[in-house]
Amino acid sequence: MRKRYALVLAMPALLIVALVSARLALAHPIEVEPYVTVRGGCLIYRDTHYTVCGHKKRFTALAEPRLIGMDLSRFSREFSGWDVGTFSAQRVLLDRNIAQYCPDHYLLKESDGRLIVYQNATGDGEWFAIRTLTLLPFSLPDSLRTEVRRGRVFDSLADIETLLGSAAQGDAR
């Protein structure tokens, strides 16, 4: 009889612990092995969702030496702009959303009287000049030149070449 009585008294406490654990799991849906640190050979997966174009890119690399030995708390501080989805000694999954185009896109923009092609080559939202075109902006039709002054995004370098080629032919006629 005593065992049943003790079990009945313990049930509310167990229920509270289960509810609190469930609430914490929902608030922080992260897979973490307890007391784990990053080890040599750990793969770091960085998933970036580019909200402007809707693409998702995954960059994978081995953990840098400075990350070896870090626990979840230190690792989270190191990658403060990222959400940690999985954290184990062999695998870390990071996730983030950025309001930017992914590296698959190109920006054609007029700069200092030249047409420059830019790319978000690193995936971090910083556009780098990758090509200066020989075609001069004043040779473009007015509507296209206005667009290019603001910057126009393309899915490929071929798309840029096609547009500029057709614009040049249109002017020649």
Side-chain angles (χ1 to χ4, degrees), residues 25-32 38 41-68 70-88 90-173:
L26 289 175
H28 304 286
I30 180 173
E31 297 175 32
V32 180
V38 174
C42 177
L43 287 174
I44 310 292
Y45 298 93
R46 297 178 189 176
D47 289 345
T48 302
H49 304 268
Y50 297 92
T51 59
V52 175
C53 63
H55 294 151
K56 176 183 172 183
K57 294 289 179 187
R58 172 171 275 183
F59 300 96
T60 306
L62 286 173
E64 302 166 30
R66 67 183 176 82
L67 302 174
I68 306 301
M70 283 190 182
D71 63 5
L72 175 61
S73 177
R74 280 186 55 210
F75 197 91
S76 295
R77 284 192 304 273
E78 185 71 25
F79 291 92
S80 61
W82 296 80
D83 295 325
V84 181
T86 299
F87 188 84
S88 71
Q90 298 83 21
R91 181 176 182 252
V92 176
L93 175 61
L94 301 171
D95 191 70
R96 70 175 175 172
N97 292 327
I98 60 173
Q100 197 50 255
Y101 284 96
C102 76
D104 290 343
H105 301 279
Y106 300 88
L107 175 70
L108 177 63
K109 191 167 184 171
E110 181 179 341
S111 179
D112 296 326
R114 305 296 302 218
L115 292 175
I116 311 287
V117 178
Y118 297 88
Q119 185 182 26
N120 175 13
T122 63
D124 288 330
E126 189 174 343
W127 293 90
F128 294 94
I130 61 166
R131 188 178 291 174
T132 300
L133 303 179
T134 56
L135 185 66
L136 297 175
F138 68 81
S139 65
L140 298 175
D142 290 340
S143 61
L144 181 56
R145 186 166 184 197
T146 300
E147 267 189 271
V148 169
R149 278 188 184 132
R150 289 190 301 257
R152 181 169 169 181
V153 176
F154 293 85
D155 292 336
S156 70
L157 291 173
D159 289 347
I160 293 173
E161 292 168 6
T162 300
L163 177 76
L164 294 178
S166 64
Q169 288 176 357
D171 277 347
R173 289 183 189 169

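Bear in mind that the values here come from a model prediction, so they are computed numbers and not experimental data.
- Contact between Gly41 and Leu62 at its shortest, heavy atoms only, is O-CD2, 3.6 Å.
- Applying the salt bridge (charged side-chain N to carboxylate O under 4.0 Å, His left out) rule to Asp95 yields no partners; only residues at least two apart in sequence or on another chain are considered.
- Under the 3.5 Å distance criterion, the side-chain polar atoms of Tyr50 are matched with a main-chain donor or acceptor of Gly123.
- Taking the salt bridge (charged side-chain N to carboxylate O under 4.0 Å, His left out) definition, one finds that Arg114 meets it with nothing, sequence neighbours left out.
- Checking side-chain atoms of Thr132 against main-chain N and O of Ile116 turns up no donor-acceptor pair under 3.5 Å.
- For Trp82, there are no side-chain hydrogen bond (donor to acceptor under 3.5 Å, both in side chains) partners, not counting sequence neighbours.
- Nearest heavy atom pair, residue Gly113 against residue Leu136, reads O-CD2, 4.0 Å.
- Heavy-atom minimum distance, Leu67 versus Phe79: CD2-CE1, 3.9 Å.
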Ignoring hydrogens and angles, write down the donor-acceptor pairs under 3.5 Å from the side chains of residues 140-149, residues two or more places apart or on other chains.
residue : atom : partner : partner atom : Å
Arg145  : NE   : Glu110  : OE1          : 3.3
Arg145  : NH2  : Glu110  : OE2          : 3.2
Thr146  : OG1  : Asp142  : O            : 2.9

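- Contact between Phe59 and Pro103 at its shortest, heavy atoms only, is CZ-CG, 4.4 Å.
- Looking only at distances, a side-chain donor or acceptor of Asn120 sits under 3.5 Å from a matching main-chain atom of Gly125.
- Of all heavy-atom pairs spanning Leu43 and Tyr45, the tightest one is CD1-OH, 3.2 Å.
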Q: Could you walk me through whether Asp155 and His105 pass the side chain to side chain contact (heavy atoms under 4.5 Å, CB included) test, one step at a time?
A: CA-CA 5 Å; Asp155 292 336; His105 301 279; 3.0 Å; yes
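- If you take CZ on Arg150 and NZ on Lys109, they are separated by 10.5 Å, rounding to the nearest 0.5 Å.
- Residues Leu133 and Leu108 have side chains in contact (heavy-atom distance under 4.5 Å, counting atoms from C-beta outward).
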Q) Which is it for Phe128 and Thr122 under the side chain to side chain contact (heavy atoms under 4.5 Å, CB included) test, yes or no, and what are the steps along the way? A) CA-CA 9 Å; Phe128 294 94; Thr122 63; 3.8 Å; yes
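- Here the CG-OH distance, from Leu107 to Tyr101, works out to 9.0 Å after rounding to the nearest 0.5 Å.
- For Arg66, the salt bridge (charged side-chain N to carboxylate O under 4.0 Å, His left out) partners are Glu64, Glu78, not counting sequence neighbours.
- When the side-chain hydrogen bond (donor to acceptor under 3.5 Å, both in side chains) test is applied to Glu126, no partner is found at least two apart in sequence or on another chain.
- In this structure the side chain of Leu94 reaches within 4.5 angstrom of the side chain of Val84, judged on heavy atoms.
- Thr48 OG1 to Arg96 CZ: the interatomic distance, rounded to the nearest 0.5 Å, is 4.0 Å.
- Remark: Phe87 CZ to Cys42 SG distance equals 7.5 Å, nearest 0.5 Å.
- Atom CZ of Phe154 is separated from atom OH of Tyr118 by 14.0 Å, given to the nearest 0.5 angstrom.
- With respect to Asp47, the side chain to side chain contact (heavy atoms under 4.5 Å, CB included) criterion is satisfied by exactly one of Asn97, Asp83, Leu93: Leu93.
- Atom CG in Leu157 sits 5.0 Å away from atom CZ in Arg131 (nearest 0.5 Å).
- Taking 4.0 Å as the cut-off between side-chain N and carboxylate O, Arg46 and Asp124 do not count as a salt-bridged pair.
- Distance alone, capped at 3.5 Å, places no donor-acceptor pair between the Gln100 side chain and the Val52 backbone.
- Residue Arg58 places its CZ atom among more than 12 non-hydrogen atoms of other residues, nucleotides or ligands, all under 6.0 Å distant.
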